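The structure presented is a predicted model; accordingly, all values stated were derived computationally and were not measured. Heavy-atom basis, side chains included; hydrogens, waters and symmetry copies ignored. Start at 1 and go down the list; that is how both ligands and their atoms are numbered.
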Amino acid sequence: MSENAITRRSFLAGSAGVAALAAAGGYMSFGAWEQACADEPETDQGSWSAYTMCNACSSKCGYKAYVKNGRLSKLIASEHDASAQGKICARGYGYPAIVYSEDRLTDPLKKNDKGEFEAISWEQAFQEIGDKVKAIIDENGPEALALVQDPRPNGAFYTKRFLDALGSPNYYTHGAACNLSKASGYAEVIGAGDFSADTANTKMIMYIGRSVADAIKPAHLQGLQKAHENGAKVVMVDPRCNNSTVFADEWLPINPGTDLAFILAMSHVLIRDGIYDKAYAAENVVGFDEFAAGVADCTPAWAEGICGISAADIERLAVEFSQAAPAACIDAGWRGGFGNQYANSGETARAIAVFNTLLGCWNQKGGALFTSGVSAGKLDEEKFPPVPKVEGKKAGSAEYPLASAGMGVNVYAASLAKEGKMKGMFFYNSNMVAGYSNPAYLQECLEALDLCVVVDIQMSETALCADYVLPECSYLERLEVPAFNGGLIPSVSLRDKVLDVIHPNTKPCDEIFKGLAEACGVGEYFPFTIEELADAQLKTVGLSLDALREVGTVEFPEKAFVYGNTPKWKTPSGKIQFTSEKCAAAGYTAAPTWVAPAVMPAGGNQFRMITGKQAIHSHTMTANCKPLMAITEDYDLTRIWMNADRAAQLGIADGDEVEVSNELHTGRCRVKVTQRMNPTAIFLPPAYGCTSEQQHTAYGVGLRSTDYTTYQLETGYGSTMAHEILVTVKKVGA
Ligand SMILES: Nc1nc2c(c(=O)[nH]1)N[C@H]1C(S)=C(S)[C@@H](COP(=O)(O)OP(=O)(O)OC[C@H]3O[C@@H](n4cnc5c(=O)[nH]c(N)nc54)[C@H](O)[C@@H]3O)O[C@H]1N2
Ligand SMILES: Nc1nc2c(c(=O)[nH]1)N[C@H]1C(S)=C(S)[C@@H](COP(=O)(O)OP(=O)(O)OC[C@H]3O[C@@H](n4cnc5c(=O)[nH]c(N)nc54)[C@H](O)[C@@H]3O)O[C@H]1N2
Ligand code: SF4
Ligand SMILES: [Mo]
């Protein structure tokens with residue numbers, strides 16, 4: 001086997017332990033690891049297994065981790081886990097190496113007057129942060145505090161409780177940089193932020209800016225595979241021929257930012273020809289006539305001129321959809337097409353929810369489903385004292401009234417620091433500065449704060465802006481609050497502690513936020529351990545921590561989804577709303593109509609810059625993981641994709657180095673010349689361009705799209721408009 005071959009076992013090799021890594025001088029090949037392990041005495045001592053969940057992306061797949069001689073030896077995906085369904089992806093195997101990274105944070109750090117970090121004790125960190133929080137509350141009130149976190153169980157429980165206890169409503173997810181527009185647009189129409197395509201039974205499914213083979217959740221990928229194998233018609237709408245297209249019947253290389261025109265035109269055809277589900281619309285919809293009047297002019301010929309998909313294809317696809325309905329839908333998408341990308345992303349989401357309604361596919365076999373979940377019931381109030389309800393509205397909710405209240409507009413909260421209105425911010429498992437909008441701008445915002453606290457496992461770009469950096473132990477070293485999952489069969493999964501804590505001065509999330517709460521004078525809301533909390537939550541659904549530890553995932557078949565029921569629409573009218581007063585008040589039309597993207601490339605050497613996931617990296621967090629970065633190097637994955645005809649016009653050949661610039665940034669990279677790309681855009685892989693020198697593997701590799709992003713937010717919705725970027729591309733030396 002070649003030294004560089006990446007096999008499933010060599011991913012694990014990268015996680016084989018501090019001593020072994022040091023011995024091999026860094027990333028180890030499979031052979032070297034095997035040799036190192038061959039020298040280990042075989043013993044049962046130090047061997048065990050535990051169920052946990054991957055932390056390498058939002059999917060949080062469940063698996064069983066085996067430990068041998070104190071080291072992780074293999075991972076087996078949980079068969080019934082909602083995200084994994086028996087499979088985990090390459091990142092899942094590779095990411096454990098981060099646990100043993102020499103770049104891990106090992107002690108609490110404080111920035112001194114010279115701007116350098118010094119290690120301090122936890123006592124000092126808690127005490128000083130507590131004093132500053134109290135001073136901010138005294139002088140400016142709790143609304144001058146905000147927190148941004150990863151919205152998974154631990155982040156959601158501990159950080160929210162901490163902020164609630166302080167009396168601040170300013171609790172944010174990473175949503176404004178991910179799927180805020182999608183969730184908020186859907187909510188306006190169907191009263192829910194998401195739905196699931198019934199891929200196992202569908203006759204026709206269209207993915208709009210969703211690549212399940214690159215942007216992986218194993219359950220979604222297996223769903224697409226099933227649809228394909230069952231002979232369903234699969235249509236991929238994407239300016240880039242993404243890797244999911246191997247399962248598709250058609251690829252439509254749409255002009256980026258124009259999906260709204262395409263969907264409105266397909267809706268036009270359904271209504272013009274009377275081939276929508278009339279009975280369903282009559283019973284369930286308000287605002288139909290207004291929508292129909294609005295799309296009367298949105299003909300396929302009109303849309304062709306905007307989106308680049310031929311009028312004939314638009315006509316044909318609309319008819320095919322109507323023939324497949326109700327076992328058909330446009331997939332909910334996630335981020336790439338309309339999660340947070342364009343000036344019209346929220347309105348695109350609205351149009352998709354409307355289109356699916358015209359198909360009458362909600363909760364129909366093969367259609368689009370609203371599955372439900374289980375959640376923990378009420379806990380004993382003595383042991384888990386309820387926190388008083390927080391008065392006041394999240395910062396940004398008046399300026400961005402369409403933004404989902406649960407997510408909020410995180411970057412807007414940070415921007416208030418520049419006006420002196422936000423004084424203290426906390427970040428948990430979030431790298432806002434590098435990943436949410438323009439890093440130079442966000443850095444200025446965080447530097448204007450009186451207090452910035454970042455809880456991370458490595459020195460992120462956001463941590464570099466902090467006054468205090470608190471080191472968490474890694475996901476394999478901690479127990480977390482159970483994850484209650486929705487799905488066709490609801491379930492609950494556990495992230496249990498797999499490994500002993502490697503760096504003794506790191507702490508898990510629960511202890512960090514309990515310590516912070518005590519120092520801030522609100523410790524009375526945390527008089528329990530994580531074990532007690534997990535057990536109490538599980539008892540409310542008839543389980544226990546011990547029982548879940550044995551199996552990792554428990555399903556609730558008695559709560560399984562039932563086809564055909566009409567959902568309770570959680571909208572103001574109680575019906576599906578083709579019109580929204582809130583959208584009208586926010587500056588849109590009441591029923592979704594065409595909204596142009598904020599910028600348009602002029603041609604010549606100017607392009608729109610778009611991004612999308614690569615199967616082996618996640619956001620900003622995996623680039624510093626050696627086995628995953630080794631794949632980047634082996635396959636030259638930092639290259640931008642450029643359409644072959646445009647490249648030829650510009651005299652750019654495959655592999656050439658180019659300069660990519662706009663008014664905010666200039667950087668160099670190499671080009672992958674391909675026919676798999678819409679001519680108006682370049683595609684930039686999203687995981688690179690790390691500017692933290694303390695991430696020794698990631699630092700300086702590749703370009704980062706946010707450097708080219710203007711800080712500007714989508715009207716009403718508040719998303720960061722991540723693809724409203726124009727750049728010029730020029731061959732170096734030309
Ligand atoms: N450049 C770029 N920006 C992006 C994206 C992208 O692909 N590329 N994707 C967008 C999308 S879809 C999303 S959802 C958001 C995601 O945005 P974030 O949720 O902020 O995710 P990451 O950028 O991966 O940053 C996660 C941070 O958590 C840290 N971390 C990792 N494990 C742990 C842990 O166990 N505990 C703690 N406390 N910290 C930990 C990582 O070191 C990293 O600094 O980013 C958006 N922005
Ligand atoms: N490997 C990997 N998998 C992940 C993650 C990860 O970081 N890495 N993160 C997880 C998270 S948090 C998220 S949000 C999801 C994201 O899941 P997706 O939204 O599926 O991911 P992306 O790759 O960002 O976008 C999908 C496609 O949208 C295309 N696209 C860009 N602009 C447009 C447009 O204007 N119109 C259309 N129709 N298509 C467009 C891109 O070319 C890309 O191929 O992935 C999840 N899974
Ligand atoms: S999809 Fe891959 S990276 Fe994401 S949680 Fe699952 S195994 Fe981990
Ligand atoms: Mo995301």
J.: Quick one: do the Y400 and E714 side chains pair a donor with an acceptor below 3.5 Å?
T.: no
J.: Please write down residue, atom name and distance for the protein heavy atom closest to atom 8 (Fe) of ligand 3.
T.: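 Checking every protein heavy atom, the shortest distance to atom 8 (Fe) of ligand 3 gives C54 SG, 2.3 Å.
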J.: Given that the side chain starts at C-beta and the backbone is N, CA, C, O, which of these parts of F427 lies under 4.0 Å from ligand 1, counting heavy atoms, or is it both or neither?
T.: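 For F427, no heavy atom sits under 4.0 Å from ligand 1.
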J.: Out of D150, T720, N429, whose heavy atom is nearest to atom 28 (O) of ligand 1?
T.: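 Ranked by closest heavy atom to atom 28 (O) of ligand 1, first place is N429.
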J.: Indicate yes or no: does K60 engage D81 in a salt bridge with an N to O separation below 4.0 Å.
T.: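 A salt bridge is absent here (no side-chain N lies under 4.0 Å from a carboxylate O).
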J.: Does the side chain of S618 come under 3.5 Å of the side chain of R91 through a donor N or O and an acceptor N or O?
T.: yes
J.: Check if H617 has a non-hydrogen atom at a distance under 4.0 Å from any atom of ligand 1.
T.: no
J.: Which atoms of ligand 3 are found less than 4.0 Å from any heavy atom of I216?
T.: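 So the atoms of ligand 3 that pass are 1 (S).
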J.: Where is the nearest protein heavy atom to atom 6 (Fe) of ligand 3: which residue, which atom, and how far?
T.: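 Protein heavy atom with the smallest distance to atom 6 (Fe) of ligand 3: C61 SG, 2.3 Å.
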J.: Look at the N, O or S atoms of C89, main chain and side chain alike, and state whether any lies under 2.8 Å from atom 6 (Fe) of ligand 3.
T.: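 No, C89 does not qualify, because none of its backbone or side-chain N, O or S atoms lies under 2.8 Å.
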J.: For N431, is at least one N or O under 3.5 Å away from an N or O on ligand 1?
T.: yes
J.: Determine, considering heavy atoms only, which of S618, G92, C57 sits nearest to atom 4 (Fe) of ligand 3.
T.: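 Minimum heavy-atom distance to atom 4 (Fe) of ligand 3 goes to C57.
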J.: More than 12 heavy atoms of other residues, nucleotides or ligands under 6.0 Å from NZ of K111: is that the case?
T.: yes
